[in-house]
Visitor: 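Questions regarding the structure given below will be posed in turn.
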Amino acid sequence: MCVRVFRAALAGLFLAAIALPQTGMAETLRVVDQDTASTLNVPMNRAVVVESETPFAELSIANPDIADISTLSDRTIYVLGKSPGLTTLTLLDGNGRLITNVDVRVAADISEFKERLRQILPSEKIEVRTANDGIVLSGTVSSTVRMQRALDLAERYAPSRVSNLLSVGGVQQVMLKVRFAEMERSVSKSLSASLSLKGPMNGRVNVSGGSLTTNTNAAQSNALAGNIPSSNENKSATLFGFNAGAVQVGVLLEALESKGVVRTLAEPNLSALSGQEAKFLAGGEYPVPVSQNNDRITIEFKPFGIELNFVPRVLDDNIINLELAAAVSAIDPTNGFQQSAIKIDAFRRRETSTTVELRDGESFAIAGLLQDDFRDLNGQVPWLGDLPVLGALFRSAEYQRQQSELVIIVTAHLVTPTRGEALALPTDRIKPPSEAELFLFGRTEGSPRALSGGAGEVARQDFTGSYGYVMD
């Protein structure tokens with residue numbers, strides 16, 4: 001037995017001469033109790049030194065593929081971690097009796113990873129553990145971006161073997177407010193004239209000139225007879241009729257100036273969790289016939305109205321990354337399609353799709369459009385329209401101009417839930433009338449309720465007074 005211990009000691013001294021320069025940072029475990037089991041954590045590809053207060057004569061390792069051992073003396077053991085796993089180190093004395101069993105746990109070396117993690121994310125409370133040959137991250141981080149940074153760093157040390165148990169703290173819910181504001185202004189002016197004559201030459205003579213828009217045979221006969229034309233779809237049309245001897249003269253003048261203003265405003269609001277997609281639709285669905293095989297027609301429904309889809313991501317320092325698509329559409333019968341008994345209306349649609357970054361409460365104009373259309377048309381009867389003074393009766397002029405301006409503004413807010421009574425509803429300002437208020441006083445709304453807080457502030461608002469744009 002002494003010879004065996006002596007040989008083991010020599011072998012241990014030889015290994016120590018080679019390995020000790022690499023184990024200066026090794027962890028030391030001192031075994032003091034007999035017949036008890038201890039746990040020894042050994043980093044993979046690194047070594048620790050185990051010292052026993054009781055001299056041992058023999059030692060063995062259950063699985064040499066997990067850890068390798070060698071003796072440095074009759075009290076010191078050199079343990080080298082080879083692969084992740086758990087095995088048992090057994091120490092025996094000179095009489096073959098058990099000194100102790102040591103559970104050797106070999107795991108990936110995470111000391112360098114912890115140091116790098118503290119350097120990159122010093123303010124985050126992240127706990128790092130090993131599990132077999134992988135890394136387990138737990139704790140709370142301030143944002144999803146910092147969590148992803150920690151995961152990316154862990155992948156460098158344990159590729160495809162990282163378990164994510166991290167949770168994101170702080171405000172991670174985003175409310176997006178989108179405002180569609182569109183103004184359209186149109187101006188049109190038109191001036192045209194038509195002339196009809198009736199005389200005794202060969203019984204009857206009819207001469208028509210000008211725009212010819214209302215000079216049908218029936219209209220001419222009624223005009224010459226002094227009657228109002230039976231069909232006239234033109235606005236601001238004035239009819240003059242007089243006799244010049246035996247000749248009857250009818251003059252139709254059309255002078256029209258029209259102005260129009262259209263105001264469109266939509267403000268969809270929607271809240272979503274960071275990294276999750278949210279969808280919003282306020283409108284309806286329009287049936288559209290679709291041709292299929294065997295001369296069959298099916299119906300597909302196309303949505304229209306106010307649409308909003310967005311994905312918010314809360315980054316560092318409360319910066320919000322928004323990936324959004326917004327649209328406002330309406331049915332436009334003037335540009336539809338009709339064939340036989342089938343009529344399909346067109347859609348008027350304004351939409352945008354983009355990605356922006358902004359902070360809490362900030363606004364961004366993500367889209368804008370300024371359009372100015374001009375049209376000028378002048379028509380006349382050849383030669384007759386060039387006559388001085390009388391040529392105006394054979395000419396028509398039309399002027400049209402249309403201007404439109406569209407802007408889409410988004411505002412993002414970091415939000416947290418609140419109590420329900422602190423929120424205002426559109427119905428808070430309206431109260432159904434009683435029978436006395438409805439039948440005796442003709443009121444369509446009852447007396448407003450006294451509300452406090454945000455609901456009361458909304459209930460006190462009304463729609464009186466001027467608002468919008470001023471146009472000359």
Side-chain angles (χ1 to χ4, degrees), residues 175-187 228 232-237 256-271 278-288 299 301-308 326-336 341 343-350 404 406-409 411 413 415 417-472:
M175 185 189 74
L176 185 64
K177 178 180 180 181
V178 182
R179 286 176 288 175
F180 294 83
E182 183 177 12
M183 287 295 301
E184 295 185 7
R185 179 176 61 177
S186 61
V187 176
I228 298 176
N232 181 16
E233 297 179 356
N234 288 3
K235 299 178 181 179
S236 186
L256 177 64
E257 180 180 1
S258 63
K259 297 181 181 180
V261 175
V262 178
R263 175 180 182 265
T264 303
L265 179 64
E267 294 189 9
N269 297 340
L270 188 60
S271 299
K279 297 182 179 180
F280 175 88
L281 173 62
E285 292 186 339
Y286 182 79
V288 178
I299 300 297
F301 289 88
K302 181 179 178 61
F304 68 92
I306 302 172
E307 302 175 58
L308 174 61
V328 172
S329 58
I331 298 177
D332 185 9
T334 59
N335 295 321
K343 181 181 179 181
I344 303 175
D345 294 329
F347 285 86
R348 189 168 182 266
R349 185 176 180 89
R350 286 84 72 203
S404 64
L406 169 67
V407 63
I408 303 176
I409 301 175
T411 305
H413 297 279
V415 295
T418 185
R419 296 185 303 172
E421 57 268 19
L423 300 177
L425 301 176
T427 55
D428 291 336
R429 73 176 74 193
I430 301 299
K431 180 183 178 181
S434 63
E435 293 184 357
E437 292 173 330
L438 177 62
F439 294 106
L440 295 181
F441 302 102
R443 297 178 182 175
T444 58
E445 300 178 9
S447 301
R449 293 173 291 181
L451 301 173
S452 60
E457 180 67 24
V458 173
R460 287 189 292 270
Q461 297 177 2
D462 55 33
F463 298 102
T464 60
S466 60
Y467 61 91
Y469 293 84
V470 177
M471 293 187 176
D472 297 331

Visitor: So which heavy atom on Val328 is nearest to which on Ala266, and how close?
Guide: CG2-CB, 4.2 Å
Visitor: Only counting residues at least two apart or in another chain, list the ones meeting side-chain hydrogen bond (donor to acceptor under 3.5 Å, both in side chains) with Asp332.
Guide: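 Testing Asp332 for side-chain hydrogen bond (donor to acceptor under 3.5 Å, both in side chains), a comparison that skips the adjacent residues, returns Thr334, Asn335.
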Visitor: Look up atom OG in Ser186 and atom NZ in Lys259, then write down how far apart they are to the nearest 0.5 Å.
Guide: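 Reported to 0.5 Å precision, the distance equals 10.5 Å.
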Visitor: Any chance you could measure Leu308, atom CG, to Glu267, atom CD, to the nearest 0.5 Å?
Guide: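 The CG atom of Leu308 sits 12.5 Å away from the CD atom of Glu267.
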Visitor: Distance check, rounded to the nearest 0.5 Å: Leu176 atom CG versus Asn269 atom CG?
Guide: 8.0 Å
Visitor: Taking Phe347's backbone N and O only, do any of them form a donor-acceptor pair with Tyr286's side chain (distance below 3.5 Å, no angle check)?
Guide: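 No; judged by distance alone, with no hydrogens or angles, the pair does not exist.
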Visitor: Taking all atoms of both residues into account, what is the closest heavy-atom pair of Phe180 and Ala326, and its distance?
Guide: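 Looks like CZ-CB, 3.4 Å.
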Visitor: For Ser258, which residues count as a side-chain hydrogen bond (donor to acceptor under 3.5 Å, both in side chains) partner, sequence neighbours excluded?
Guide: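 Ser258 satisfies side-chain hydrogen bond (donor to acceptor under 3.5 Å, both in side chains) with Ser188 once adjacent residues are dropped.
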Visitor: Would you compute the distance between atom OG of Ser271 and atom CZ of Phe280 and round it to the nearest 0.5 angstrom?
Guide: 11.0 Å
Visitor: When rounded to the nearest 0.5 angstrom, what is the spacing between CD in Glu285 and NZ in Lys302?
Guide: 11.0 Å
Visitor: Residues in side-chain hydrogen bond (donor to acceptor under 3.5 Å, both in side chains) with Thr411, at least two apart?
Guide: Ser363
Visitor: So, taking the atom named NZ in Lys177 and the one named CG in Leu270, what distance separates them when rounded to the nearest 0.5 Å?
Guide: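 With rounding to 0.5 Å, NZ (Lys177) is 14.0 Å from CG (Leu270).
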